[in-house]
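Notes follow the structure.
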Number of protein chains: 2
Amino acid sequence: MQEEDKPLILVTNDDGITAPGIRHLIKIMKTLGDVIVVAPDSPQSGMGHAITISDNLYCDPVTIDKYSKVKEYSCSGTPADCVKIATQEILKRKPDLCVSGINHGSNSSINVIYSGTMSAAVEAGVEGIPAIGFSLLDYSMEANFDHTTKYVKRITQSVIKNGLPMGVVLNVNIPKAGEEKIKGIQVCRQANARWEEKFDKRQNPQGRDYYWLSGEFVNQDKGKNTDVEALESGYVSVVPIKFDLTAHDFIRELKSWNIDD
Amino acid sequence: MQEEDKPLILVTNDDGITAPGIRHLIKIMKTLGDVIVVAPDSPQSGMGHAITISDNLYCDPVTIDKYSKVKEYSCSGTPADCVKIATQEILKRKPDLCVSGINHGSNSSINVIYSGTMSAAVEAGVEGIPAIGFSLLDYSMEANFDHTTKYVKRITQSVIKNGLPMGVVLNVNIPKAGEEKIKGIQVCRQANARWEEKFDKRQNPQGRDYYWLSGEFVNQDKGKNTDVEALESGYVSVVPIKFDLTAHDFIRELKSWNIDD
C-alpha cells in the first residue's frame, strides 16, 4: 500500500492521553493507517457531550512513547473539544476516521448519554467523519486489553471499507477479559436501562453535608437484540447510534394535541 | 383545586440558580403546581450530559427570593446531577413534571447535544418523569422573557394533561422578544445543522499558545418542518426528543456487513 493510500486516523478518548486503553488503541490503529492523537490531558469520564465555551483551551504536542513516530497532542479540554481542535487546528486535512477509547468501563445502553468516549465519536460524526467509540467492560486502570485487538481491528477495517452513512456512528462494547472466550460480534440496539442512583451523604471537616454519587445499573429491557444482552452472553456489541434525537414516531400524536389552539 | 391535586414540579436549569431565565420559569410554574427548585450554583452551559463521578457534590437550601415560599436548593454539580440529587435526596416523592430553563440561548437543532438545559430534561426522562426543556433565542443575561410566559404555560399545561410516552422529552425553543409578534407553536423535527468551528489562537503572558472556541452556525437542512425553519419564521418550536440513540434504520445494513465472518 502506498503512503497516500493509508487512511488518516484521529485517535482520542476520555480517560486521558496516558490511559492504557488509548495506548492500546493507538497500537492497533498504527497497523491500519496514519495516526494522530489529540486527547485530554486528564480523565474526563462522565463528561457527556460537554464543550468548553467559557474558558480557554491548551493543546500542546506531547511525547508519551519516545519510540513511536505518532504525533500526539495533549488538550486541556473535553473529548468533544479534542475532536474540534484536532480538525480545525492540528490536522492538515479531514481525517478518514476517528476512533475514541478504548474506554475503561462500559458505554452500553444508557451509559452512552453520559459518555465522554462516545461524545468524541459523535462530535466527529457531526463533522462528517466516520467514527467509532470502543469500550471495555472493565473499569480498572490495570485492565487487560489484549483480547480486544482482534475485534477492534475487524470492526475498524469494516468501517474503513464500507463507510458509515451521515449522522451515524458506532458504539462498540467489549466483554472483560478472562472468564470465557468471546463468542463473536453482535449488531444490536441500545438496551432500555438506567442507573438507580444512591447518594452517600457525608460531612466535611467543617460540618457541611456533601454527597457522593453511586448507583446500581438496572436493565429494564426484556426485549431481544440489546447490547446488554449481547455482552452478558459473551459477545462484542455494536450499536449504530445517531444524533438526530427527534422522536419521529411521536410527532403525529404531539401535533394532535393542538397546543396552539 | 385541592392542595393534593396540584402537580409537583421540579425546576432546574444550566445557567445557574440566579439566572433571569430560571427566575421567570419559577414564576410561571408557581401558577401551575407545587414547585421545588434544585439548580446549579454556577453557570453550566455547554456541559452536555456531564455528571459528577470523581468529585463530591454540595446541595444546600438557599433563599434567592425572600418573598417566595418555594423551596430552593443550590447544587455544586451539573444540570444532570441536580435532577439526580433532587429525585434521590431532596424530593419526598417522584415529581409529576420536570422543567429546565429557560435557557439564555438556543438549543435548537444540533445544540441539543451540547445543552446542559436539555441534559437535565433528558435525565428526568430517563427516570420516568415527564420533562420539558425551554430555551430563548437570546444569550443576553438581560434578555426579556415576558413574551415567553404564554407559550411556556400552554405547553406545560398540555404535557400535564396528556403526559409524555416513556423515553420522550420535549425541546422547546422560543424566538427572541421584539422584532415581530410570535406567530404560534410548531411541532417539528431537529434540523440537521452544525457549528463550523473556528479557534482564536492567542498567547498567554508566559508565551504559551492557547485557544478560544468560537464558530458559526450552519444549517445544512433544506428539508421541511425543522426547528430552525420554524424559529426563523417566528414560531415557537417543539421537538420531541428521545434518548434511545439507536439508528434502527441502519441495523439491517450493518448486519449485512457480516463483520463477524
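As the structure is a computational prediction, the values presented were derived from the model and not from experiment. Residue numbers begin at 1 in each chain, while the letters A, B, ... track the order of the sequences.
Proximity to chain B involves both the backbone and the side chain of A:Ser158, based on heavy atoms less than 4.5 angstrom apart. B:Glu127 touches chain A through backbone and side chain together, each having a heavy atom under 4.5 Å away. At a 4.5 Å heavy-atom cutoff, A:Asn192 makes no contact with chain B through either its backbone or its side chain. Contact of A:Leu170 with chain B is made through the side chain alone, with heavy-atom distances under 4.5 Å. If you measure heavy-atom distances from A:Val218 to chain B, you find no contacts under 4.5 Å at all. For A:Glu89, the part sitting under 4.5 Å from any heavy atom of chain B is the side chain, from C-beta outward, and nothing else.
Salt-bridge formation is not detected for the pair B:Asp244/A:Arg189: no Lys NZ or Arg NE/NH1/NH2 atom is positioned less than 4.0 Å from an Asp or Glu carboxylate oxygen. Using a 4.0 Å cut-off between a side-chain N of Lys or Arg and a carboxylate O of Asp or Glu, A:Asp249 and B:Lys242 do not qualify as a salt bridge.
Contacts between residues 105-112 of chain A and chain B, counted as heavy-atom pairs separated by less than 4.5 Å, involve A:Ile110, A:Val112. Taking non-hydrogen atoms and a 4.5 Å limit, the residue list of residues 148-156 of chain A in contact with chain B, ordered by number, reads A:Arg154, A:Ile155.
B:Asp260 and A:Tyr235 share no side-chain donor-acceptor pair at under 3.5 Å. Side chains of A:Asn204 and B:Tyr58: a donor-acceptor N/O pair is present below 3.5 angstrom, by distance only.
Counting heavy atoms from C-beta on, the side chains of B:Trp212 and A:Leu57 never come closer than 4.5 Å.
Here the side chain of B:Thr246 pairs a donor or acceptor atom with the backbone of A:Gln190 at under 3.5 angstrom.
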